[in-house]
Colleague: 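Could you have a look at this structure, given as structure tokens, before my questions?
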Amino acid sequence: MKELVEVIASALVDNPEAVVVTETEDENEIVLSLKVAPEDMGKVIGKQGRIAKAIRTVVRAAGSKGEKKIMVDIQ
């Protein structure tokens, strides 16, 4: 899942080298923290959060076969 978020975010931003995804896992969920350059934050979030919501939907769908809930946190 980490690689999926990296690929999607890198395609959206102007500075793909600044894209960093960290994965934190506990007993019932996986949290993927996405960090981008401050000037690219708007491109990842989108108007009214539409792109951020779409990223979360794609990741949730890709991880639906697993037993753990997957969350994407954009920082």
Colleague: Does Gln75 have more than 12 heavy atoms from other residues, nucleotides or ligands lying within 6.0 Å of its CD?
Modeller: yes
Colleague: Just so I know, are the side chains of Ile51 and Ile45 near enough to count as touching, which here means a heavy-atom distance under 4.5 Å?
Modeller: no
Colleague: I need the Glu25 CD to Leu32 CG distance, nearest 0.5 Å.
Modeller: 9.5 Å
Colleague: Roughly how far, to the nearest 0.5 Å, is the CD1 atom of Ile30 from the CD atom of Glu23?
Modeller: 5.5 Å
Colleague: What are the two closest non-hydrogen atoms of Leu12 and Lys43, and how far apart are they?
Modeller: O-CD, 3.8 Å
Colleague: Return the set of residues passing side-chain contact (heavy atoms from CB on, under 4.5 Å) with Glu29 (not counting sequence neighbours), or none when no residue passes.
Modeller: Asp26, Val31, Lys69, Met71
Colleague: Kindly indicate whether the side chain of Val58, heavy atoms from C-beta on, has any atom under 4.5 Å from the side chain of Leu4.
Modeller: yes
Colleague: For Ala37, give me all partners under side-chain contact (heavy atoms from CB on, under 4.5 Å), at least two apart in sequence or on another chain.
Modeller: Asn15, Ala18, Glu39, Asp40
Colleague: A side-chain contact here means heavy atoms from C-beta on lying under 4.5 Å apart; do Ile74 and Arg56 qualify?
Modeller: yes
Colleague: For Gly63 and Ile70, which heavy atoms make the closest approach, and how far apart are they?
Modeller: CA-CD1, 3.6 Å
Colleague: Does a side-chain heavy-atom distance below 4.5 Å link Leu34 with Val44?
Modeller: yes
Colleague: Same cluster for Val20 and Val7 if Ile/Leu/Val/Met/Phe/Trp/Tyr side chains link at under 4.5 Å?
Modeller: no
Colleague: For a quick test of reading the model, state the closest non-hydrogen atom pair linking Met1 to Val59 and the distance between them.
Modeller: SD-O, 4.0 Å
Colleague: Measure the CD-CD1 distance between Glu3 and Ile8 for me, rounded to the nearest 0.5 Å.
Modeller: 11.5 Å
